[in-house]
Amino acid sequence: MLDQKTIDIVKSTVPVLEQHGEAITTRFYQLMFGNHPELLNIFNHANQKQGRQQRALAGAVYAAAAYIDNLEAILPVVKQIGHKHRSLGIKPEHYPIVGKHLLLAIKDVLGDAATDEVIDAWAKAYGVIADAFISVEAEMYEEAAKQKGGWDGFRRFIVEKKVVESDVITSFYLKPVDHKEIADFQPGQYISIKLDIEGEKFTHIRQYSLSDAPGKDYYRISVKREAGTPNPDGMVSNYLHDSVEEGEILQISAPAGDFVLDTDKETPVVLLSGGVGLTPMMSMLKTVADVQPERKVIFIHAAQNGNVHALRDEVEELTKLENVTSYFFYDSPTEEDRKNNRFDVEGYVTRDWLDEKVPTKDADFYFCGPLPFMKAINRSLTELGVQEERIHFEFFGPKAALV
Ligand code: HEM
């Protein structure tokens, strides 16, 4: 337990560090990767280049420090980050490395303002925060390993089937090379894939939501080809699309993530997705149809047009069921789309439309998609009076980008 003086120093300096947050974490990464280039095998280079991870880590450390005498209060956030860390293979021995370089960066940026007393207090606080993460993650590693079909670290899977779903989205069906059982998962969870790309010095790890229902002998991911290979965001997805064929081996960590459908509830469920954000929603839709056929579910998907709209046949098949309804929104439909009646609404999902078509009074809402889509849906639902506990969302990328 920290002494009161340390707590006071840490809490009173949180705003100063926040103010210099980005400068400190940018310096932190420079120093850390300089001394530990091997960590570039774990960190997402695209997030680094765009400063997204800088903001995510800075935000989390300061948020935690502000609660240093009551970390229990932020346990859900620690767990959410813990899922990501476990999926990436972050281990206790990594924490002192981060701590050491964070303190060095604070000293560098704050100069004389970072007195020994301040640095000491932050060293102690970081230790407490790190311990909270390490213990949450230790439990997660244990659970992943002991679960039926589960495993620790990365396991080899073969690409059994590769299916083009639209102009931009392709599915990969993955089975374990050892032919043994695979861990069950909850709809909404993701896996990490670790790739060795020819000509690249470091491995690349990316998370992809599982897009099929649990209970199969394979995992399916559906990957969007991100624009342009010079764009670091696109490197991994383009590699998967262009170079990973059936029969190829991929390294995968066990399913993780806390954005999951609550199948204990019986409330109507509204699943909203924009673009490739449909992947966790597909898993949720199929799960409700499988295990809660009496539950009302409304599947709303927004895409540019029919050319980039993936998995529509699977959704249409399910809408034959009595309790499943779907709506497709296209903002730029093609002539073909119009001729073949491929969509229900032209334009975006609006508040008024939601008010008219979905049971906002008692439904649970799950959504995932690009940032503007997520913000618009969140705003609409809040304005319609949907309570926070009925709003669940996932954003592909560091959560801080949403703030
Ligand atoms: C992701 C916080 C320690 C490696 C994240 C995220 C946060 C965070 C907020 C983003 C989560 C998300 O997007 O869902 C923290 C805090 C730490 C800590 C507060 C210390 C107490 C570490 C350590 C390592 C690490 C010790 C390994 C050396 C990563 C990686 C990601 C990540 C690789 C994925 C994002 C990316 O690659 O850009 N962490 N982290 N973190 N963290 Fe940590």
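Counting starts at 1 for both ligands and their atoms, following the listed order. In this text the structure is predicted, and so the values were computed from the model without any measurement.
- A distance of 6.0 Å or more separates the ring centres of F328 and F343.
- Distances below 4.0 Å separate heavy atoms of V98 from the following atoms of ligand 1: 23 (C), 26 (C), 28 (C).
- Ring centers of Y366 and H392: under 6.0 Å apart, within the cut-off.
- Two rings, from Y190 and Y208, have their centers 6.0 Å or more apart.
- Using a non-hydrogen distance threshold of 4.0 Å, I42 registers as a contact of ligand 1.
- Between H94 and H85, the ring centre distance reaches or exceeds 6.0 Å.
- Minimum heavy-atom separation, Y218 to D212: OH-OD2, 2.7 Å.
- In summary, the atoms of ligand 1 found under 4.0 Å from a heavy atom of V61, numbered by their order in the structure, are 19 (C).
- Contact atoms of ligand 1 toward I129: 21 (C) (distance under 4.0 Å to a heavy atom of the residue).
- Distances between N or O atoms of K84 and those of ligand 1 include at least one value under 3.5 Å.
- Y348 has its ring centre no less than 6.0 Å from the ring centre of W353.
- Of all the heavy atoms of F133, the ones lying under 4.0 Å from any atom of ligand 1 belong exclusively to the side chain.
- The contact set between ligand 1 and H94, taken as ligand atoms under 4.0 Å from a residue heavy atom, comprises 26 (C), 27 (C), 28 (C).
- Of all atoms in ligand 1, numbered sequentially from 1 with element shown, those under 4.0 Å from a heavy atom of L88 are 30 (C), 31 (C), 33 (C), 34 (C).
- Taking the six-membered ring for Trp, Y219 and F172 have ring centres at least 6.0 Å apart.
- The distance from ligand 1 to the heavy atoms of A60 drops below 4.0 Å at these ligand atoms: 2 (C), 9 (C), 19 (C).
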